[in-house]
Amino acid sequence: MLFLPLPGEPMNDKSVITGKTRIYGIIGYPVTHSLSPVMQNAALQAAAVDGLYVPFAVEPDQLATAVSGLRALQVCGFNVTIPHKTSIMPLLDELAPSAVQAGAVNTVVNQGGRLIGHNTDGDGMIISLAKDLECGIAGSKVVLVGAGGAARGALAAFCRAGVASVIVVNRTLQIADDLANSFRACYPQVKLQVSTLPVQAELALSEVDLLVNATSLGMAGEKIEGLSLALLSGHAKVYDMVYNPTLTPLLSDAKKCGLKAANGIGMLVAQGELAFKLWHGMSPDEGVMQEALSCFYATQQRLDSL
Ligand code: NAD
């Protein structure tokens with residue numbers, strides 16, 4: 001929350017909105033659940049940037065009007081979340097390679113009036129895998145569950161990071177196959193296979209180094225039916241992009257099997273840190289976004305228990 005000082009109080013540059021304050025934000029529908037305002041405002045304040053990050057609820061049929069409005073208002077940059085990540089692409093002036101490969105935009109930079117779309121989700125996941133699971137991606141064998149937007153961004157990032165192989169597992173085989181096919185020509189050195197659930201026996205899950213859930217399963221406590229972590233070897237690691245709840249059935253199963261596992265909070269933080277760098281030309285203070293989230297969760301818990 002930003003306050004103007006009372007008469008006689010000293011002026012605090014960090015907490016006052018002036019005519020020079022730069023505006024950033026996030027568009028989505030709904031957007032009330034987004035934690036990006038918590039993380040981004042904490043980072044802006046810590047870095048003493050004269051900026052403000054606000055949520056904008058944009059209904060799907062208002063997207064084009066909203067983008068024109070953000071352009072007209074000279075908003076300096078914004079994040080994009082569900083359901084606009086793909087539909088915004090033709091409305092922008094330019095797409096960075098990260099957005100083209102992911103087939104989605106999660107960050108827009110306003111560069112002198114030109115809106116440039118980027119995608120920081122995939123690289124955010126790679127950073128989180130290294131930090132939270134000590135997982136090196138180059139040369140590794142991955143199982144990727146899901147073939148939606150997040151899975152596409154993840155597959156692009158895995159290929160860029162030099163994985164040896166990826167098995168894309170999805171309830172509809174054709175969608176998994178279409179996803180894998182869109183990367184085969186660019187990355188012939190990566191072995192790309194597809195499967196429905198349960199994963200076909202010949203795909204040798206015992207050799208896999210990392211399993212990533214990129215579906216929404218787990219958000220409402222659902223298990224991923226047909227996926228037995230007992231088939232993985234003891235060195236395999238498990239990553240769930242879902243972060244709410246923090247302990248999903250997949251992560252709980254991984255713990256029971258003695259496998260190292262992490263949820264998607266680190267990815268959420270890392271994609272936000274990468275977006276911050278694109279907008280402000282510098283990284284946010286180390287740990288400030290993570291800390292803001294932890295404080296937010298702790299406050300929520302206290303309020304829930306009242
Ligand atoms: P999406 O709607 O594009 O894709 C959803 C995927 O889930 C599809 O592959 C779909 O087939 C699969 N799925 C849904 N219900 C299923 C079911 N009953 N059985 C089998 N498969 C099912 O969504 P998305 O944008 O790809 O997001 C997927 C998840 O990743 C969401 O939970 C989202 O919150 C999470 N995510 C997290 C981060 C992060 O920063 N941690 C970033 C992006 C996405």
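For ligands, and for the atoms within them, numbers begin at 1 and follow the listed sequence.
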Numbered atoms and elements of ligand 1 in range of [X], under 4.0 angstrom, heavy atoms:
| X | answer |
| --- | --- |
| G149 | 3 (O), 26 (O) |
| L217 | 16 (C), 17 (C), 18 (N), 19 (N), 20 (C), 21 (N) |
| G148 | 3 (O), 4 (O), 8 (C), 9 (O), 26 (O) |
| N170 | 9 (O), 11 (O) |
| V242 | 32 (O) |
| G146 | 9 (O) |

Distance from [atom] to nearest protein heavy atom, with residue and atom:
| atom | answer |
| --- | --- |
| atom 33 (C) of ligand 1 | M219 SD, 4.8 Å |
| atom 28 (C) of ligand 1 | A214 O, 3.4 Å |
| atom 29 (C) of ligand 1 | T215 O, 3.4 Å |

For atom 20 (C) of ligand 1, which candidate among R171, M267, M125 holds the nearest heavy atom?
-> R171
Enter the distance from K85:NZ to T81:OG1 here, rounded to the nearest 0.5 Å.
-> 5.0 Å
Hey, what do you get for CD1 (I167) to OG (S165), rounding to the nearest 0.5 Å?
-> 6.0 Å
Which atom pair, heavy atoms only, marks the closest approach of A47 to F276?
-> CB-CZ, 4.2 Å
So is there a nitrogen or oxygen of [X] less than 3.5 Å from a nitrogen or oxygen in ligand 1?
| X | value |
| --- | --- |
| M241 | yes |
| A147 | yes |
| G264 | yes |
| L268 | yes |
| A150 | yes |

Does the protein place a non-hydrogen atom closer than 4.0 angstrom to [atom]?
| atom | answer |
| --- | --- |
| atom 2 (O) of ligand 1 | no |
| atom 13 (N) of ligand 1 | yes |
| atom 22 (C) of ligand 1 | yes |

Check the angle between the aromatic planes of H280 and Y24 and answer parallel, tilted or perpendicular using the 30° and 60° thresholds.
-> perpendicular
Answer yes or no: is there a donor N or O on one side and an acceptor on the other, between the side chain of D285 and the main chain of V288, under 3.5 Å?
-> no
Donor-acceptor pair, side chain of T196 and main chain of R171, under 3.5 angstrom | no
Do N170 and T172 get their side chains close enough for a donor-acceptor pair, meaning under 3.5 Å?
-> no
side-chain hydrogen bond (donor to acceptor under 3.5 Å, both in side chains) evaluation trace for H118 with N106 | CA-CA 6 Å; H118 298 254; N106 81 329; over 6 Å; no
Taking atom CD of E222 as the centre, does the number of heavy atoms from other residues, nucleotides or ligands within less than 6.0 Å exceed 12?
-> yes
Are more than 12 heavy atoms from other residues, nucleotides or ligands located less than 6.0 Å from atom CD of Q189?
-> yes
Per the side chain to side chain contact (heavy atoms under 4.5 Å, CB included) rule, which among T65, V67, D61 passes with L63?
-> V67
